[in-house]
Peer 1: 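One structure coming up, written as structure tokens, with questions to follow.
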Protein chains: 4
Amino acid sequence: MPYRTSDKMRRKKDAKRTAMMQAAVQVFSEKGYHAATVRDIVQAADVAIGTFYFYFPDKETLFLYLYEETADFLVQAVQQGVSGRAKLTEQIAHGVQSYVNIALYEPTVVFLLLVGGVGAVPSLSAKREQFREAMIRIWQRPLDHALDQGLIPTQNTRRAAEAITGACDEVILNLLQNPRGENEAPAAIKDLSFFILRGLGALGSPAADK
Amino acid sequence: MPYRTSDKMRRKKDAKRTAMMQAAVQVFSEKGYHAATVRDIVQAADVAIGTFYFYFPDKETLFLYLYEETADFLVQAVQQGVSGRAKLTEQIAHGVQSYVNIALYEPTVVFLLLVGGVGAVPSLSAKREQFREAMIRIWQRPLDHALDQGLIPTQNTRRAAEAITGACDEVILNLLQNPRGENEAPAAIKDLSFFILRGLGALGSPAADK
Amino acid sequence: MPYRTSDKMRRKKDAKRTAMMQAAVQVFSEKGYHAATVRDIVQAADVAIGTFYFYFPDKETLFLYLYEETADFLVQAVQQGVSGRAKLTEQIAHGVQSYVNIALYEPTVVFLLLVGGVGAVPSLSAKREQFREAMIRIWQRPLDHALDQGLIPTQNTRRAAEAITGACDEVILNLLQNPRGENEAPAAIKDLSFFILRGLGALGSPAADK
Amino acid sequence: MPYRTSDKMRRKKDAKRTAMMQAAVQVFSEKGYHAATVRDIVQAADVAIGTFYFYFPDKETLFLYLYEETADFLVQAVQQGVSGRAKLTEQIAHGVQSYVNIALYEPTVVFLLLVGGVGAVPSLSAKREQFREAMIRIWQRPLDHALDQGLIPTQNTRRAAEAITGACDEVILNLLQNPRGENEAPAAIKDLSFFILRGLGALGSPAADK
DNA sequence: CATGAATGAGGGTTCATTCAT
DNA sequence: AATGAATGAACCCTCATTCAT
């Protein structure tokens with residue numbers, strides 16, 4: 001009898017597919033797109049090389065897909081952190097927190113996004129650009145709103161959003177690479193949030209910190 | 001400029017060497033480390049492939065050397081912008097200005113540093129780390145000084161320096177990639193400086209901008 | 001038709017087998033032996049790839065078998081056209097007619113035989129050789145007979161048979177590839193028959209054509 | 001000093017290139033396009049695999065080039081045999097002779113042309129078609145001329161030319177594969193010429209042979 | 001010094017074939 | 001019987017590197 005294609009097998013297949021994708025993220029973030037070979041990936045996933053091409057059309061497509069999925073995930077997570085609040089201070093704080101949390105939980109993924117194999121594949125440059133743009137826009141929207149309501153002084157919100165994006169990336173990268181002490185993350189979140197909010201002019205008096 | 005002919009004489013001799021290094025920066029920043037081939041470089045420099053290996057031990061070494069020299073150049077330029085002033089506001093403003101100026105003058109070089117072939121070569125990761133570290137320290141020193149003098153509120157200056165570094169990178173990258181209007185650069189410098197200074201709490205009242 | 005289900009019963013059982021063989025002829029003649037993949041075949045037959053290996057030991061064996069069966073079919077058809085007649089002129093004419101008819105009815109099959117994946121598989125060369133040989137012999141027998149009876153002048157009948165075989169192949173190939181006009185086939189049959197019969201010296205006076 | 005690129009080296013390079021092409025013809029005609037690997041070719045030429053790609057862009061291009069060159073050579077040789085004469089009988093005889101001579105002198109090449117890797121590469125099918133067409137046209141021209149002058153009876157010269165082409169191919173193929181006796185070639189030339197000329201109706205009385 | 005022909009390890013990808021289900 | 005996921009040898013091709021000239 002033709003074997004049960006529905007139940008167990010399907011799940012198993014999905015599991016293997018997922019395992020391979022995780023292995024791929026790992027390898028890509030460790031070596032970058034070009035240096036990572038398909039052979040590396042299948043070894044990490046402990047499957048034969050043919051299996052890779054059974055699940056994915058080719059290396060580039062997988063990488064692009066991984067990058068996009070990963071980027072979407074991060075973008076939405078941060079977006080959620082931001083959009084659930086009303087006050088700018090909370091929006092920033094929660095956005096930063098979401099970002100840091102994900103970075104700590106999935107350092108590999110964040111690494112892939114921030115320092116992945118840029119320049120390697122033309123189509124990736126575009127994807128990377130989109131990702132940066134999405135992150136910037138996440139920050140810019142609340143800024144525009146706050147500006148409208150006179151909560152922050154007149155300023156180029158686009159540029160401010162760029163600065164926020166860059167600041168977050170760098171702080172998080174440092175947090176991941178130099179894991180100082182135990183609970184450094186909460187401190188980083190607070191420091192970063194304050195820096196950003198002050199930078200935006202959203203805080204009353206400059207002395208109002210810790 | 002980086003990678004000039006060391007010092008004074010041996011002009012002729014180093015003509016080819018220089019040509020190759022300039023070509024290499026160009027090619028590396030366009031294609032990334034892996035995608036750039038030695039053939040690409042020698043063709044751009046209009047020399048034979050054998051000549052490459054007369055002047056440089058191999059592709060990796062050249063890239064590392066180029067990266068280092070380029071990084072040093074940028075670091076020193078920004079350092080100079082910062083260290084020549086006394087007041088924190090001026091230090092930040094001039095540091096940012098130096099960075100932006102170089103980015104506009106040598107976009108290729110800055111691209112190479114910011115999104116170069118990371119992860120490609122193990123030894124490069126270390127180099128990149130050093131570069132980021134150097135940039136962060138440039139900003140941290142004046143912060144520590146200002147903190148000592150009570151010019152800015154209590155804060156983690158290391159983290160603030162990270163944020164500044166990241167903010168600069170992102171704003172500059174955007175400036176290079178989306179060249180909006182004519183004299184966007186001065187505006188970017190001002191915006192960025194204000195954001196940073198406010199973020200540090202170095203400005204009196206939050207309404208004191210433009 | 002070739003590759004029918006051997007004999008009588010096991011209809012259902014062989015439905016897939018037959019489908020695959022027909023698909024295989026199609027695919028092989030379109031792409032040639034090497035370029036045709038087992039996947040192509042099973043897709044065309046709408047069965048799973050495992051099914052292929054249940055019915056056939058491997059790709060090569062199937063191809064060989066197909067080639068042989070196909071060749072036998074063509075050989076016997078032409079043979080029948082020839083052997084049913086008494087006069088040389090009719091033997092030639094009917095042989096040619098049979099050949100052309102089959103070519104028009106099953107162009108795929110004839111293509112496979114004439115320009116199939118030669119050289120691809122060592123064992124195929126032998127098979128192809130046999131097929132050519134069989135075709136040549138079909139023609140040679142009536143020639144020998146005619147020679148015995150003094151109906152054609154002294155000549156090397158083997159060589160003449162070779163020439164006939166080649167002439168038929170080429171004319172038919174052209175008929176299939178450049179389908180000029182409607183009823184070109186009858187004209188081709190007549191032209192070819194006359195050419196051959198004259199070539200053999202079987203016709204009285206050279207002016208006795210159309 | 002930059003080494004002498006003009007004299008000795010150039011010749012040596014050309015020699016190697018030629019050697020590789022000859023090796024390629026050999027391998028291609030033995031195994032067919034698909035089954036022949038680049039490794040086969042470089043092994044036959046006793047060079048490294050990289051050398052292949054230094055001289056030729058890729059396998060397909062080389063094969064196409066080889067096929068074309070080879071086809072042109074054969075076509076022109078036969079053409080020359082035909083066009084140098086005035087009488088149809090001599091044109092046919094010399095054309096056939098040229099063809100046979102080349103086949104005996106370069107059996108590999110002729111094999112490649114007649115049973116080369118057809119169906120393998122789309123672009124090759126076109127090339128093969130061109131070659132067949134050229135051969136057919138070589139024969140058709142003198143036929144048209146002879147028809148105009150009333151030297152042969154009314155007939156479809158195109159079809160006759162196709163028959164001639166096919167007849168030649170088959171006889172020659174058999175001559176190469178079954179080398180019977182010593183000087184079989186002259187006999188084959190004579191047999192074939194007579195068959196063709198009679199087939200065309202160019203000979204007075206059918207009994208006028210050997 | 002300079003050249004570029006020559007090398008071959010290694011990368012991405014295909015595809016005939018197997019076997020647990 | 002039938003399926004299709006899994007395998008891995010082998011293919012084509014690239015490119016860093018060497019070395020005779």
Side-chain angles (χ1 to χ4, degrees), chain A residues 1-5 7-10 12-13 16-17 20 34-42 45-62, chain B residues 12-13 15-17 34-42 47-62, chain C residues 12-13 15-17 34-42 47-62, chain D residues 1-5 7-10 12-13 16-17 20 34-42 46-60 62:
Chain A
M1 179 183 325
Y3 72 12
R4 189 88 84 281
T5 185
D7 253 23
K8 191 165 36 176
M9 208 57 212
R10 186 116 61 196
K12 202 164 160 188
K13 196 180 163 187
K16 181 162 268 182
R17 185 188 172 84
M20 291 183 68
H34 250 107
T37 72
V38 174
R39 272 173 184 85
D40 289 335
I41 294 170
V42 297
D46 201 39
V47 295
I49 200 164
T51 307
F52 179 92
Y53 289 94
F54 178 73
Y55 284 98
F56 312 109
D58 54 35
K59 184 186 166 190
E60 180 174 341
T61 303
L62 171 61
Chain B
K12 283 273 177 44
K13 226 185 78 168
K16 297 202 171 180
R17 183 185 170 85
H34 254 102
T37 71
V38 174
R39 232 165 206 97
D40 289 335
I41 295 170
V42 298
V47 297
I49 201 164
T51 307
F52 180 93
Y53 289 91
F54 176 75
Y55 286 102
F56 312 108
D58 53 34
K59 184 186 165 188
E60 180 175 342
T61 304
L62 171 61
Chain C
K12 284 273 177 44
K13 227 186 77 168
K16 298 203 170 178
R17 183 185 170 85
H34 255 102
T37 71
V38 174
R39 234 168 204 92
D40 288 336
I41 295 170
V42 297
V47 296
I49 201 164
T51 307
F52 181 93
Y53 288 92
F54 176 75
Y55 285 103
F56 311 108
D58 53 35
K59 184 185 164 188
E60 180 174 342
T61 304
L62 170 61
Chain D
M1 177 184 326
Y3 72 10
R4 190 87 86 277
T5 183
D7 253 22
K8 190 164 35 174
M9 207 58 210
R10 185 115 63 196
K12 203 166 161 188
K13 197 179 162 186
K16 181 162 269 185
R17 184 188 173 83
M20 292 183 68
H34 251 107
T37 72
V38 175
R39 252 169 193 90
D40 289 336
I41 295 171
V42 298
D46 201 39
V47 295
I49 200 163
T51 307
F52 179 92
Y53 290 94
F54 179 73
Y55 284 97
F56 312 108
D58 53 36
K59 185 187 164 188
E60 179 173 343
L62 172 60

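Basis for what follows: all heavy atoms, side chains included, without hydrogens, waters or symmetry-related copies. So you know, we letter chains A, B, ... as the sequences are listed, proteins then strands, and number each from 1.
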Peer 1: Rounding to an integer number of Å, can you tell me how far D:Met9 CE sits from E:dA5 C1'?
Peer 2: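 So the two atoms are 5 Å apart, to the nearest Å.
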Peer 1: Any idea which of F:dA6, E:dA9, F:dA16 is nearest the D:Ile49 side chain?
Peer 2: E:dA9
Peer 1: Are there more than 12 heavy atoms of other residues, nucleotides or ligands under 6.0 Å from atom CG of C:Asp58?
Peer 2: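 Counting neighbours around CG of C:Asp58, more than 12 heavy atoms of other residues, nucleotides or ligands fall under 6.0 Å, so yes.
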Peer 1: Let me know, please, whether B:Val47 or C:Glu60 comes out on the 5' side of the other along DNA chain E by nearest nucleotide.
Peer 2: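 First, find each residue's nearest nucleotide; the 5'-ward one identifies B:Val47.
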Peer 1: Quick one: B:Asp40 CG to F:dA16 C1', roughly how many Å, whole number?
Peer 2: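 To the nearest whole Å, that distance equals 12 Å.
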Peer 1: Nearest whole angstrom, please: distance from the P of E:dA16 to the NE2 of C:His34.
Peer 2: 9 Å
Peer 1: Work out how far the C1' atom of F:dT21 is from that of E:dC1, and round it to whole angstrom.
Peer 2: 13 Å
Peer 1: Taking CG from D:Asp58 and P from E:dG12, how many angstroms apart are they, rounded to a whole number?
Peer 2: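 Atom-to-atom, D:Asp58 to E:dG12, this comes out as 20 Å.
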Peer 1: For a quick check of understanding: with a heavy-atom distance under 4.0 Å over all strands, which category does A:Lys12 fall into, base, sugar-phosphate or nothing?
Peer 2: nothing
Peer 1: Which nucleotide in the list E:dG12, E:dT7, E:dA2 gets nearest to the side chain of D:Thr51?
Peer 2: E:dT7
Peer 1: Among E:dT13, F:dA16, E:dA16, which is the nearest nucleotide to the side chain of A:Val38?
Peer 2: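 Closest of the options to the side chain of A:Val38: E:dT13.
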Peer 1: F:dC12, F:dA16, F:dA2: which one has an atom nearest the side-chain heavy atoms of D:Thr37?
Peer 2: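 For D:Thr37, the side-chain atoms sit closest to F:dC12.
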Peer 1: Which part of the nucleic acid, if any, lies within contact of D:Lys16, taking any heavy atom under 4.0 Å across all strands shown: a base, the sugar-phosphate backbone alone, or nothing?
Peer 2: sugar-phosphate
Peer 1: Is a donor-acceptor pair below 3.5 Å formed from side chain A:Arg39 to base E:dG12, judging by atom type as modelled?
Peer 2: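 Flag set: donor-acceptor pair detected.
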Peer 1: Is E:dT21 paired to anything, Watson-Crick or G-U wobble with both distances less than 3.5 Å, and if yes, which nucleotide?
Peer 2: F:dA2
Peer 1: In terms of side-chain heavy atoms of A:Tyr55, which of F:dA5, E:dA5, E:dG12 is nearest?
Peer 2: F:dA5
Peer 1: Hey, which of these two, D:Tyr53 or A:Phe52, hits DNA chain F nearer its 5' end, going by closest nucleotide?
Peer 2: A:Phe52
Peer 1: Round to the nearest Å and state the distance from A:Met20 atom CE to F:dT7 atom C1'.
Peer 2: 12 Å
Peer 1: For the side chain of A:Phe54, starting at C-beta, report the closest nucleotide among F:dT17, E:dG12, F:dA5.
Peer 2: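 Within the option list, the nearest is F:dA5.
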Peer 1: Between A:Gly50 and D:Pro57, which residue's closest nucleotide on DNA chain F lies nearer the 5′ terminus?
Peer 2: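 The 5'-side residue here is A:Gly50.
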Peer 1: By nearest atom, which of the nucleotides F:dA16, E:dT17, F:dT7 is closest to the A:Ala48 side chain?
Peer 2: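 Given the options F:dA16, E:dT17, F:dT7, the side chain of A:Ala48 is closest to F:dT7.
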Peer 1: Would you mind pulling out the nucleotide paired to E:dA9, Watson-Crick or G-U wobble, both distances under 3.5 Å?
Peer 2: F:dT14
Peer 1: How long is the gap from CZ on A:Arg10 to NZ on A:Lys13, to the nearest 0.5 Å?
Peer 2: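 So the CZ of A:Arg10 and the NZ of A:Lys13 are separated by 8.0 Å.
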Peer 1: Identify the heavy atoms of D:Ile41 and D:Met20 that sit nearest to each other, and give their distance.
Peer 2: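 Scanning both residues, the minimum pair turns out to be CG2-O, 4.2 Å.
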Peer 1: Against D:Phe52, only a single residue in D:Phe54, D:Phe56, D:Tyr55 fulfils ring pair (Phe, Tyr, Trp, His ring centres under 6.0 Å); can you say which?
Peer 2: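 Single ring pair (Phe, Tyr, Trp, His ring centres under 6.0 Å) partner of D:Phe52 among D:Phe54, D:Phe56, D:Tyr55: D:Phe56.
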Peer 1: In whole angstroms, how far is the P atom of E:dT21 from the NZ atom of A:Lys13?
Peer 2: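 For the pair A:Lys13 NZ and E:dT21 P, the rounded distance is 16 Å.
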Peer 1: Grab the NZ-P distance between D:Lys59 and F:dT14 for me, whole Å please.
Peer 2: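 Atom-to-atom, D:Lys59 to F:dT14, this comes out as 14 Å.
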